[in-house]
Amino acid sequence: MTTETQNTGRESLNFLEEIVEADLASGKYETILTRFPPEPNGYLHIGHAKSICLNFGLAQKYGGKTNLRFDDTNPSTEETEFVDSILSDVRWLGFEPDNIFYASDYFEQLYEWAKLLISKGKAYVDFSSPAEVAASKGTPTTPGVPGKYRETSVEENLELFEKMKAGEYPDGHCTLRAKIDLASPNMHMRDPYLYRIKHAHHHRTGDKWCIYPMYDWAHGQSDSIENITHSICTLEFIPHRELYDWCIEQLGIFPSKQYEMARFNLSYTVMSKRKLKQLVDEKYVSGWDDPRMPTIAAFRRRGYTPESIRAFATRIGVAKRENLIELSLLEFSIREDLNRHALRRFAVLDPLKVIITNLPEGQIEWMETENNPEQPETGNRKIAFTRELWIEQDDFMENPPPKYFRLSPGGMVRLKSGFIIRCDEVMKDEQGNITALHCTYVPESRSGQDTSGLKVKGVIHWLSATDAVEAEVRLYDRLFKVEDPAAEENFKATIHEESLLIKKNALIEPALANAEPGEKFQFTRLGYFCVDPDSNSDKRVFNRTVTLKDTWAKEQKK
RNA sequence: UGGGUCAUGGUGUAAUCGGUAACACAGCAGAUUUUGGUUCUGUUAUUCAGGGUUCGAGUCCUUGUGACCCAACCA
């Protein structure tokens, strides 16, 4: 979505689009190439979704291409399982990579380039311990001092590096470091690590390598090998850019350029992989795809559509400042989509029996109701109006407050697409609990053919007791009680204990009984719901994606 | 305290040789409505602070202030 400035009528661009347009206009590039570079060590979340939409979206807009590249340089944390889930998430979002690559495809080349760097006297093998290296790097305010391996000869370094690669040293015995500037104000330029020794099995290269390149030695060169023109990452990589450029410059290879944008934060959720993992490991949620998680898998299971997430990604924009996006924007995006596309169905979460005393048992009045008023072409369906009905407990109050226009003793409501009923008597058990309502219906008030002349303010949904089907409905709410849980001393202490409410004895209309997992509906007046994979042949399970906007709930809080 | 990045309504993003702050969400009020939904209308509210240049500054200069990032054999 683009915005037009009022004065000029020109399209408003984000800063990355401006850069791309300038590069295209100047002839620097004829076409652009972007990439999405996830590390296959976990599930993708909504933050990644933004990055995916941005990288693929930029390429689409300017006629370029986008690679998916797995940044698999650390064999001890990466797994094939994640490669598969990441690819399916990208595709689910609606994007097809032009190429699928792996940083590990370039291990051989990277190794050759490392030797080239050593030959130029720009890298050396260092046997210092991590503590020694840290100490010799100095601090941001004091320059570092050369370690004792910094002046090893090129020939010897070449030999030592060969031994590293040959597996002659144990893990952590030594590293390859770039020889740059120990006094640089940029800590990343103080002889950064290029290679470490890890005798670990790699998900793709197996046991071929025991030395693995660090991010800084792998990423820029991988971009360069693929001729990536615009390499977009997040703000924390700004200090790495100098090193990114340095490596490419030393090697004299295609100069990919790195651009940084702010990552986005979502209110009432946490986004860091570490925190999300804690939630899963410590069983605060049922798994990575628990519908309360911000992972793409979770949003999918909850009932979000790819379209809604793409629209959201566009709406939050791209910039370089810190931000905290309101959850309401995400909710707006999914409601907008589902309002248009989800079929309407009746469901009662907390049933209350209604007996229509002036309708004989066995009599069925067939009614018609629309499948989606936003799309009349979806037609109508028939629903049965019978003596025994179910309505929502919330839709009846014995002592209603002002402005309550649902059912109350002596009062009337319209049953949507049915008849107007009046509540004559409230039935209770010995404890005083309401067990049923005795009502009478107004035969002349038949929906669409109302000649009763009655005007009722309230309209409620309902189900016939003769054909209602049992279902489980899971009501999800925000996982945290505070806007910015990550800012808390202990984010887990702010978990919302009622973020999941399960209605095990909800009732649904027959038209819903055979809905397939993934199918989405609006439960009239309640919200949008999606069939969960936990459903089985005798019971459907629904997840609430999001409620409808509820101005009555808001009114009550006043 | 060395270096870097960023400051525009409640939130996010625009304002493209300096031309008089806009769009979306949220909020509020009303209309329509057989979903207290949708739709429609109206409305509240914004340039971090001080100084300077200029007819005119969110934009340029200057001095501050604040937030965030950087010293992993992680990415």
Side-chain angles (χ1 to χ4, degrees), chain A residues 1 3-8 10-14 18 37-39 41 71 73-74 76-77 126 129-130 133-135 137-144 171-177 184-188 190 193-198 212 214-216 218-219 233-242 260 262 264 267 273 315-326 328-333 335-336 339-340 344 346 369-370 373-374 403-406 413-418 420 445 447-448 450 456-461 522-527 547-555:
Chain A
M1 178 172 301
T3 53
E4 303 278 321
T5 58
Q6 200 176 38
N7 300 335
T8 63
R10 260 183 298 189
E11 189 193 3
S12 161
L13 306 174
N14 67 47
E18 282 182 8
E39 182 187 9
N41 71 345
D71 221 340
T73 57
N74 188 348
S76 41
T77 58
D126 195 332
S129 71
V133 171
K137 276 191 180 179
T139 69
T141 49
T142 58
D171 285 8
H173 188 66
C174 57
T175 59
L176 183 73
R177 287 224 270 163
S184 171
N186 182 349
M187 296 300 290
H188 293 275
R190 324 251 267 222
Y193 292 120
L194 264 27
Y195 272 95
R196 76 290 215 182
I197 298 174
K198 273 179 193 267
Y212 290 94
M214 301 291 292
Y215 168 85
D216 287 305
H219 203 92
C233 61
T234 48
L235 254 28
E236 66 268 28
F237 288 94
I238 289 175
H240 294 254
R241 188 175 60 226
E242 192 179 354
E260 310 86 9
F264 85 91
S267 66
K273 211 175 266 181
R315 275 194 259 258
I316 62 180
V318 185
K320 303 183 83 158
R321 52 175 153 162
E322 249 186 274
N323 59 77
L324 181 61
I325 310 286
E326 289 179 350
S328 60
L329 188 61
L330 218 207
E331 294 181 337
F332 169 81
S333 298
R335 284 193 188 111
E336 175 189 50
N339 174 53
R340 177 88 187 137
R344 264 109 259 223
F346 287 171
T369 188
E370 70 254 351
E374 302 299 314
K403 294 190 194 170
Y404 182 84
F405 38 82
R406 275 110 99 151
V413 278
R414 149 98 40 205
L415 296 181
K416 181 169 169 62
S417 302
I420 290 174
S445 67
S447 183
D450 191 343
V456 296
K457 186 86 171 150
V459 178
I460 63 176
H461 60 280
Q522 182 196 100
F523 288 178
T524 300
R525 299 208 308 131
L526 296 174
T547 62
L548 255 30
K549 264 173 68 178
D550 191 346
T551 51
W552 168 241
K554 203 180 289 176
E555 179 73 29

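None of these values were measured; they are calculated from a predicted model. Proteins get letters first, then strands, A, B, ... in listed order; numbering begins at 1 in each.
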Integer-rounded Å distance: [N] [atom2] and [X] [atom1]:
{"X": "A:N323", "N": "B:rU11", "atom1": "CG", "atom2": "P", "value": "11 Å"}
{"X": "A:E260", "N": "B:rG4", "atom1": "CD", "atom2": "C1'", "value": "10 Å"}
{"X": "A:N74", "N": "B:rC74", "atom1": "CG", "atom2": "C1'", "value": "6 Å"}
{"X": "A:L324", "N": "B:rU13", "atom1": "CG", "atom2": "C1'", "value": "15 Å"}
{"X": "A:L329", "N": "B:rG10", "atom1": "CG", "atom2": "C1'", "value": "14 Å"}
{"X": "A:K198", "N": "B:rC73", "atom1": "NZ", "atom2": "C1'", "value": "7 Å"}
{"X": "A:I238", "N": "B:rU5", "atom1": "CD1", "atom2": "P", "value": "7 Å"}
{"X": "A:I325", "N": "B:rU11", "atom1": "CD1", "atom2": "C1'", "value": "8 Å"}

> Does the side chain of A:T73 get closer than 4.0 angstrom to OP1 or OP2 of B:rA75 through an N or O atom?
Replying inline: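 For B:rA75, OP1 or OP2 has a side-chain N or O of A:T73 closer than 4.0 Å.
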
[X]: which residues meet the side chain to side chain contact (heavy atoms under 4.5 Å, CB included) condition with it, sequence neighbours left out?
{"X": "A:R241", "result": "A:D245, A:Q258, A:E260"}
{"X": "A:S129", "result": "A:A131, A:E132"}
{"X": "A:F405", "result": "A:K457"}

>> Just to be sure I understand the rule, does A:V318 reach a base, reach only the sugar-phosphate, or reach nothing, if contact means heavy atoms closer than 4.0 Å?
In response: sugar-phosphate

> Given the rule that a pair is Watson-Crick or G-U wobble with both distances under 3.5 Å, how would you write RNA chain B in dot-bracket, using | for pairs to a different strand?
Replying inline: .((((((..((((.....[..)))).(((((.......)))))....(((((..]....))))))))))).....

Gap in Å between the two [atom1] atoms, one belonging to [N] and one to [M], rounded:
{"N": "B:rU59", "M": "B:rA72", "atom1": "C1'", "result": "41 Å"}
{"N": "B:rC28", "M": "B:rG51", "atom1": "C1'", "result": "39 Å"}
{"N": "B:rG27", "M": "B:rU44", "atom1": "C1'", "result": "8 Å"}
{"N": "B:rG58", "M": "B:rA15", "atom1": "P", "result": "15 Å"}
{"N": "B:rC60", "M": "B:rU16", "atom1": "P", "result": "11 Å"}
{"N": "B:rC74", "M": "B:rG10", "atom1": "P", "result": "44 Å"}
{"N": "B:rA45", "M": "B:rG9", "atom1": "C1'", "result": "5 Å"}
{"N": "B:rU33", "M": "B:rC40", "atom1": "C1'", "result": "11 Å"}

> Once each nucleotide of nucleotides 66-72 of chain B is scored for protein heavy atoms under 4.0 Å, what B/S/- sequence comes out, 5' to 3'?
Replying inline: -SSSSBS

>> Across nucleotides 27-46 of chain B, 5' to 3', mark each nucleotide with B, S or - according to how protein heavy atoms within less than 4.0 Å reach it.
In response: SSS----BBBBS--------

>> Given 3.5 Å as the limit, does a donor-acceptor pair link the side chain of A:R344 with the main chain of A:R525, or not?
In response: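 Between the backbone of A:R525 and the side chain of A:R344 there is no qualifying donor-acceptor contact (under 3.5 Å).
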
> Do the side chain of A:R190 and the main chain of A:S184 share a donor and acceptor less than 3.5 angstrom apart?
Replying inline: yes

>> Can you tell me how the ring of A:H240 sits relative to the ring of A:H188, calling it parallel under 30°, perpendicular over 60° and tilted otherwise?
In response: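 Because their plane-to-plane angle lies in the 30° to 60° range, the rings of A:H240 and A:H188 count as tilted.
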
>> Could you walk me through whether A:T73 and A:Y212 satisfy the side chain to side chain contact (heavy atoms under 4.5 Å, CB included) test, starting with their C-alpha distance in whole Å, then the side-chain angles of each, then the deciding distance to 0.1 Å, before giving a yes or no?
In response: CA-CA 6 Å; A:T73 57; A:Y212 290 94; 5.6 Å; no

Of all residues at least two apart in sequence or in a different chain, which pass the side chain to side chain donor-acceptor pair (under 3.5 Å) check with [X]?
{"X": "A:E374", "value": "none"}
{"X": "A:K416", "value": "A:E370"}
{"X": "A:T139", "value": "A:T141, A:T142"}
{"X": "A:D450", "value": "A:R414, A:S452"}

>> Once salt bridge (charged side-chain N to carboxylate O under 4.0 Å, His left out) is applied, do any residues pair with A:R177, and if so which ones, sequence neighbours excluded?
In response: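 For A:R177 the salt bridge (charged side-chain N to carboxylate O under 4.0 Å, His left out) partners, ignoring immediate neighbours, are A:D126.
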
>> If the condition is salt bridge (charged side-chain N to carboxylate O under 4.0 Å, His left out), which residues does A:K554 pass it with, not counting sequence neighbours?
In response: none

> Where each residue is assigned the nucleotide of RNA chain B containing its nearest heavy atom, which of A:E18 and A:S129 is assigned the position nearer the 5′ end?
Replying inline: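 That would be A:E18.
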
